[in-house]
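What follows is one structure encoded as structure tokens, with my remarks underneath.
Index from 1, following the sequence.
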Amino acid sequence: NVLWWHERRVSMSDLFDLKDNLVRGIVDSLSLSLSSREHGRLNRDVPTNSLAYEFYLRGNELSRPGLLGFADLAVARDLYLRSIEMDRGYALTWAQLGRCYRLIGKGMENGRENLAHAEAAFLRALELNAELPLAHSQYAFLEAELGRAQDAVARLLRCVQSGSASPDLFVALVLCCRFSGLLDASVAEHECARKLDPLIGTSVSHTLYQMANYEGALRNIAVGAWAIQGMTLGTVARNAEGLGAFRKVEQPGIPPPMRAFVAAWRGMFEGNREESLAAAEQCIQHYLDPEGVFYMGLIMAHLGESERALTVLRESLARGFSSVHVLQSNSWFDALRSTSE
């Protein structure tokens with residue numbers, strides 16, 4: 001049933017006012033009883049410049065999850081920077097800029113420098129809006145990759161307990177719990193995210209892989225997950241399918257650290273030991289993700305390089321990734337368990 005309708009002609013410069021009026025009208029028509037805090041949220045994170053907002057939206061389109069056009073991330077970053085030049089008080093732009101810097105630093109170039117820029121952008125977003133779920137969730141990914149996953153878990157849980165119902169917070173908890181070795185909790189957070197948004201993608205496929213639930217991992221591969229499908233198919237001896245999945249990823253333009261990660265797995269499943277080990281070493285040196293380093297230790301253990309595998313596992317732990325369950329249960333580590341280390 002149509003409860004009410006409203007028609008209004010406005011110029012582009014009045015677009016944000018129109019949007020605010022629509023939100024208020026919808027809230028009023030639903031007879032919602034909002035708290036003072038919720039009323040405050042309606043007026044928060046409102047852009048003040050239409051061109052800046054356009055740059056923000058264009059940046060969002062170029063940096064959408066699931067796109068493997070890594071060159072687009074640099075363009076998106078520049079669009080966000082242009083947006084900020086015109087509107088420095090829009091927290092969402094700062095959060096998206098931080099995400100861009102993080103992805104560029106993790107897999108492309110000038111890693112440490114870009115991760116520092118990412119952290120500064122996230123902190124600025126939270127300074128502007130301490131309750132912004134996007135900033136909290138994206139900052140948590142960075143914290144985990146910098147070895148602070150447990151701090152991120154604590155902060156995200158505080159956000160959830162304060163009443164935020166954003167599925168993005170649970171998406172981040174899936175990864176941060178896994179980095180902390182809490183695999184059952186990671187799966188539970190995935191279920192929480194899916195209850196709020198049945199179509200949302202999480203990294204739970206990696207959690208299920210580490211729990212040796214390979215069928216579950218294959219059922220839950222999210223859009224944009226660029227390696228886990230091939231890893232899982234190869235692990236369950238579906239090599240032809242796994243190699244096909246890797247070849248789809250190894251396209252021109254993929255950043256060298258990510259190419260090395262894929263090549264290490266592909267080379268192992270192809271029986272090319274030397275290529276796999278060389279790619280694994282390159283990945284350890286350049287891929288700024290402790291979970292990625294852990295996977296390289298898994299590969300080296302499977303290829304019989306026990307001493308090197310122990311060194312790599314120690315480095316992964318020092319960088320902030322812990323997975324006792326995998327160390328205890330994965331058959332590829334069988335040869336290592338007789339050693340005290």
Side-chain angles (χ1 to χ4, degrees), residues 106 140-141 143-145 147-150 152-153 156 170-194 201-222 224-238 241-242 245-246 249 258 261-262 264-266 268-269 276 280 283-284 287-303 305-306 309-337:
K106 177 182 175 181
F141 290 122
E143 287 184 296
E145 291 159 1
R148 308 198 303 262
Q150 293 181 27
V153 169
L156 291 169
F170 296 103
V171 171
L173 277 165
V174 171
L175 179 137
C176 293
C177 286
R178 183 173 69 252
F179 272 50
S180 302
L182 306 172
L183 300 188
D184 289 334
S186 176
V187 174
E189 302 298 354
H190 167 77
E191 296 300 329
C192 289
R194 283 292 177 89
T202 79
S203 64
V204 75
S205 55
H206 283 274
T207 306
L208 295 168
Y209 179 90
Q210 292 171 28
M211 298 173 79
N213 182 353
Y214 302 122
E215 289 303 315
L218 289 172
R219 286 195 305 270
N220 286 278
I221 293 172
W226 48 271
I228 187 64
Q229 183 177 20
M231 291 163 53
T232 307
L233 289 168
T235 300
V236 297
R238 292 164 60 180
E241 294 173 81
F246 284 134
V249 175
M258 301 173 80
F261 184 95
V262 172
W265 283 93
R266 177 184 49 71
M268 178 179 65
F269 292 135
S276 178
C283 183
I284 292 165
Y287 193 52
L288 302 179
D289 182 338
E291 185 173 44
V293 174
F294 179 85
Y295 280 131
M296 296 303 102
L298 182 61
I299 287 174
M300 289 175 172
H302 187 52
L303 293 176
E305 296 289 328
S306 297
L310 286 170
T311 301
V312 172
L313 292 174
R314 185 164 54 243
E315 180 175 347
S316 171
L317 184 61
R319 290 198 199 180
F321 181 84
S322 170
S323 189
V324 173
H325 178 86
V326 185
L327 293 173
Q328 290 176 333
S329 62
N330 192 295
S331 61
W332 293 5
F333 288 137
D334 285 350
L336 277 62
R337 293 198 189 95

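- Distance check, rounded to the nearest 0.5 Å: CG of Leu173 to CG of Leu156 gives 4.5 Å.
- Qualifying side chain to side chain donor-acceptor pair (under 3.5 Å) partners for Glu291, counting only residues two or more places apart in sequence or in other chains: Arg178, Gln210.
- A 4.5 Å side-chain heavy-atom check between Phe141 and Val171 finds at least one atom pair inside the cut-off.
- Note: Leu327 CG to Trp332 CH2 = 14.0 Å, rounded to the nearest 0.5 Å.
- Applying the salt bridge (charged side-chain N to carboxylate O under 4.0 Å, His left out) test to pairs two or more places apart or on separate chains, none has a residue in residues 202-219.
- Counting all heavy atoms, side chain and backbone alike, Trp226 lies closest to Val249 at O-CG2, 2.8 Å.
- Partners of Phe333 by ring-ring contact (aromatic ring centres under 6.0 Å, His included), not counting sequence neighbours: none found.
- A donor and an acceptor atom, one from each side chain of Ser316 and Tyr295, are nowhere located under 3.5 Å apart.
- With a 4.5 Å cut-off on side-chain heavy atoms, Tyr209 and Thr235 count as touching.
- Under the salt bridge (Lys or Arg N to Asp or Glu O under 4.0 Å) criterion, Glu143 pairs with Arg155, sequence neighbours left out.
- Checked against side chain to side chain donor-acceptor pair (under 3.5 Å), Ser180 has no partners two or more places apart in sequence or in another chain.
- With sequence neighbours left out, the salt bridge (Lys or Arg N to Asp or Glu O under 4.0 Å) criterion links Arg238 to Glu241.
- In this structure the side chain of Ile299 reaches within 4.5 angstrom of the side chain of Leu303, judged on heavy atoms.
- Scanning all heavy atoms of the two residues, the minimum distance from Glu189 to Phe170 falls at OE1-CD2, 3.1 Å.
- To the nearest 0.5 Å, the span separating OG on Ser306 from CE on Met300 amounts to 11.5 Å.
- When the ring-ring contact (aromatic ring centres under 6.0 Å, His included) test is applied to His190, no partner is found at least two apart in sequence or on another chain.
- Taken from CZ in Phe179 to CD in Glu145, the straight-line distance is 6.0 Å, to the nearest 0.5 Å.
- Contacts classified as salt bridge (charged side-chain N to carboxylate O under 4.0 Å, His left out) and involving residues 326-336 (residues at least two apart or in different chains) are given here: Asp334-Arg337.
- With sequence neighbours excluded, the residues forming a salt bridge (Lys or Arg N to Asp or Glu O under 4.0 Å) with Arg266 are Glu250, Glu270, Glu275, listed by chain and number.
- Here the CG-CZ distance, from Leu313 to Phe294, works out to 6.0 Å after rounding to the nearest 0.5 Å.
- Residues Val153 and Cys176 share a closest heavy-atom pair of CG2-CB, 3.6 Å.
- Shortest non-hydrogen contact noted between Gly292 and Phe261 is CA-CE1, 3.8 Å.
- When side chains are defined from C-beta on, Val187 counts as touching Met211, because their heavy atoms get closer than 4.5 Å.
- Partners of Gln229 according to the side chain to side chain donor-acceptor pair (under 3.5 Å) rule, which considers only residues two or more places apart in sequence or in another chain, do not exist here.
- When all heavy atoms of Ala172 and Ala140 are compared, the pair lying nearest together is CB-CB, 4.0 Å.
- Nearest heavy atom pair, residue Thr207 against residue Leu183, reads CG2-O, 3.5 Å.
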Run the side-chain donor-acceptor check on residues 319-326: report pairs under 3.5 Å with partners two or more places apart or on a different chain.
unit_1 : atom_1 : unit_2 : atom_2 : d
Arg319 : NE     : Glu315 : OE2    : 3.3
Arg319 : NH1    : Tyr287 : O      : 3.3
Arg319 : NH2    : Ile284 : O      : 3.0
Arg319 : NH2    : Glu315 : OE2    : 2.6

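- A distance of 4.0 Å separates CG of Leu310 from CG of Leu336, quoted to the nearest 0.5 Å.
- Remark: Ser205 pairs with no residue by the side chain to side chain donor-acceptor pair (under 3.5 Å) rule, at least two apart or across chains.
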